[in-house]
Number of protein chains: 2
Amino acid sequence: MSLRYALLGLLADQPQSGYDLTQRFELSLKRYAWHAGHSQIYPELNKLAASDLITVVAEGARGRRTYALTDAGRQELREWLTDRPSAQPVRNEFVLRLFLLSTLDPPEALPILRAMLLHARQELTELRSRSGNIDVAPGEPMEFGRLAAEYGLRQYQAMIDWAEWALTKLGQDASEHRHPDTDEK
Amino acid sequence: MSLRYALLGLLADQPQSGYDLTQRFELSLKRYAWHAGHSQIYPELNKLAASDLITVVAEGARGRRTYALTDAGRQELREWLTDRPSAQPVRNEFVLRLFLLSTLDPPEALPILRAMLLHARQELTELRSRSGNIDVAPGEPMEFGRLAAEYGLRQYQAMIDWAEWALTKLGQDASEHRHPDTDEK
DNA sequence: CGGCTCATGTAAAGAGTTACATGATTTG
DNA sequence: CAAATCATGTAACTCTTTACATGAGCCG
């Protein structure tokens with residue numbers, strides 16, 4: 001059910017085509033919030049249009065259709081955002097792997113942890129460069145888009161801090177006797 | 001595909017029945033890593049047993065079957081943990097709602113943010129009380145289970161910090177002229 | 001005009017949810 | 001002995017992924 005609202009929400013920002021929406025999932029949303037491929041998006045857009053929650057506002061080259069939210073669609077989205085409990089189950093394969101790392105011996109687990117740390121650093125750098133643009137001039141009303149971006153940054157930062165902490169902890173255990181941990185900065 | 005490895009991983013910790021496994025998802029895993037209900041778990045256990053990745057090590061009252069990892073199962077799990085890229089798409093309805101909050105006006109969004117903050121504080125408290133037990137005596141080898149718990153704590157803490165920051169920011173915007181924000185501690 | 005990107009679609013298979021179903025054991 | 005919990009299962013439906021499919025416009 002979430003895809004439906006993800007699409008309404010993205011269209012609330014600005015009118016877009018299925019192709020545009022597919023890219024927004026691919027380039028940012030899928031890293032921290034939700035993911036869907038085009039084969040799921042196009043049929044869902046057609047359903048939403050059939051229910052008059054969105055409507056075609058422009059047609060372009062190559063059959064491109066630009067959709068916009070209708071009032072009914074905006075209302076539907078509003079209700080979903082307000083009428084919902086906070087706790088929903090999470091599905092995050094990365095965290096699952098983290099959790100299951102405990103089943104390996106430290107010598108096997110350490111390189112995996114290091115790879116995770118490197119990856120998190122890259123993601124953070126990329127997120128930062130993308131959200132740097134969205135900066136808010138002092139005095140201007142706070143934009144929510146900025147809030148979500150900040151959330152993403154903080155999550156990745158927490159992950160990095162954790163991974164560094166974990167490597168130190170494990171490094172102590174695993175190499176009480178070995179050369180100091182090779183630190184890939 | 002992840003469920004399969006989640007089950008192998010949980011069984012690597014200790015032999016358990018489908019019923020036990022269902023509870024471990026329900027009580028902890030689903031909040032931050034993965035979720036599955038019994039109707040998904042039982043058939044998957046039967047498949048894993050058919051492939052000799054797990055095996056029944058005890059039968060108890062009411063048809064209870066306790067499964068344990070086989071060597072092949074442990075190998076399969078090891079491969080999954082080591083041979084995998086770090087970036088997998090995330091599906092988190094909570095974060096999606098966060099992201100879409102930007103489509104509401106601040107007066108509508110503020111109460112939702114406050115509810116999210118309260119919820120995160122509750123979750124953190126509960127996580128803390130559960131993981132407090134798993135404390136490591138100084139000098140003892142670091143346990144990975146402790147690492148995963150620490151990760152959960154840090155993620156929730158980051159969320160709380162963010163929500164407090166966001167409320168302050170929005171409070172400033174929304175009530176440049178109103179009484180100071182009611183702070184629910 | 002050849003290769004790339006844009007742009008949309010469908011079909012089949014796999015994963016996940018919800019509802020239905022059943023019965024044994026324990027506990028008060 | 002009644003109610004709660006333990007324990008497992010299946011069926012129908014929905015959601016998601018992967019693969020197949022097609023063609024228009026743009027750029028060099």
Side-chain angles (χ1 to χ4, degrees), chain A residues 1-8 10-11 15-27 29-31 33-51 54-67 80 84-85 87-93 96, chain B residues 1-8 10-11 15-27 29-31 33-51 54-67 80 84-85 87-93 96:
Chain A
M1 262 296 72
S2 292
L3 173 60
R4 179 188 180 84
Y5 299 100
L7 292 173
L8 291 175
L10 289 170
L11 290 175
Q16 288 164 89
S17 69
Y19 189 84
D20 298 332
L21 292 163
T22 303
Q23 301 219 306
R24 290 189 65 183
F25 278 103
E26 200 55 44
L27 292 174
L29 270 184
K30 83 159 170 197
R31 285 148 209 267
W34 205 261
H35 188 245
H38 80 271
S39 64
Q40 213 186 343
I41 291 170
Y42 288 118
E44 187 68 33
L45 286 173
N46 288 328
K47 272 190 233 163
L48 287 169
S51 329
I54 64 177
T55 183
V56 176
V57 290
E59 308 209 10
R62 279 160 287 189
R64 176 190 173 95
R65 268 160 299 159
T66 305
Y67 292 96
W80 184 73
R84 196 137 260 266
Q88 241 76 39
V90 167
R91 231 173 267 280
N92 188 326
E93 189 179 303
L96 177 62
Chain B
M1 262 296 73
S2 292
L3 173 60
R4 180 187 180 85
Y5 299 100
L7 293 173
L8 291 176
L10 289 170
L11 289 175
Q16 288 163 89
S17 68
Y19 189 85
D20 298 332
L21 292 162
T22 303
Q23 300 218 309
R24 289 189 66 182
F25 279 102
E26 199 55 44
L27 292 173
L29 271 185
K30 81 159 173 196
R31 283 147 210 268
W34 206 262
H35 187 246
H38 81 271
S39 64
Q40 213 184 342
I41 291 169
Y42 288 118
E44 188 67 34
L45 286 173
N46 287 328
K47 273 190 234 164
L48 288 168
S51 327
I54 63 177
T55 183
V56 176
V57 290
E59 307 209 11
R62 278 160 288 189
R64 176 190 175 97
R65 268 160 299 158
T66 303
Y67 293 96
W80 185 73
R84 194 136 262 264
Q88 240 75 40
V90 167
R91 231 172 268 280
N92 188 326
E93 189 179 303
L96 177 62

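Each chain gets a letter, A, B and so on, in the order the sequences are listed, and its residues count up from 1.
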What is the distance, to the nearest angstrom, from the [atom1] atom on [X] to the [atom2] atom on [N]?
X	N	atom1	atom2	answer
Q23(A)	dC6(C)	CD	C1'	9 Å
L21(B)	dT8(D)	CG	P	9 Å
Q40(B)	dC13(D)	CD	P	18 Å
F25(A)	dT17(D)	CZ	C1'	15 Å
E59(A)	dA7(C)	CD	P	13 Å
I41(A)	dT18(D)	CD1	P	14 Å
D20(B)	dA7(D)	CG	P	7 Å
L7(A)	dT8(C)	CG	C1'	15 Å

Hey, is the side chain of H35(B) pairing donor to acceptor with the base of dG16(C) inside 3.5 Å?
no
Heavy-atom donor-acceptor pair, S17(B) side-chain to dT8(D) base, under 3.5 Å:
no
Which nucleotide wins on minimum distance to the side chain of [X], given the candidates [options]?
X	options	result
H38(A)	dA7(D), dT5(C), dG9(C)	dG9(C)
Y19(A)	dA7(C), dG16(C), dA7(D)	dA7(C)
R62(B)	dT25(C), dG16(C), dT16(D)	dT25(C)
S39(B)	dA11(D), dT16(D), dG16(C)	dA11(D)

What heavy-atom pair brings Y67(A) and N46(A) nearest, and what distance separates the two atoms?
OH-OD1, 3.5 Å
For the student: nearest non-hydrogen atoms of S2(A) and W80(A), plus distance:
OG-CZ2, 4.2 Å
Sorted by position of nearest nucleotide on DNA chain C, 5' first, the leading residue of A61(A) and P43(A) is A61(A)
Between [X] and [N], is there a contact of a side-chain N or O with OP1 or OP2 at under 4.0 Å?
X	N	value
Y42(B)	dG9(D)	no
N46(A)	dG9(C)	yes
R65(B)	dC6(D)	no
R4(A)	dT14(D)	no
R91(A)	dG16(C)	yes
R64(A)	dT5(C)	no

Could you go through I54(A) and L7(A), starting from their C-alpha distance and side-chain angles, then the distance that decides it, and tell me whether this counts as side chain to side chain contact (heavy atoms under 4.5 Å, CB included)?
CA-CA 10 Å; I54(A) 64 177; L7(A) 292 173; over 6 Å; no
Side chain to side chain contact (heavy atoms under 4.5 Å, CB included) evaluation trace for R64(A) with D20(A):
CA-CA 10 Å; R64(A) 176 190 173 95; D20(A) 298 332; 2.6 Å; yes
Say whether, by atom type as modelled, one donor and one acceptor occur between the side chain of E44(B) and the main chain of L3(B) under 3.5 angstrom.
no
Classify the ring geometry between F25(A) and H35(A) as parallel (under 30°), tilted (30 to 60°) or perpendicular (over 60°).
perpendicular
Starting from the 5' end of DNA chain D, give me the residue, T22(B) or G37(A), whose nearest nucleotide shows up first.
T22(B)
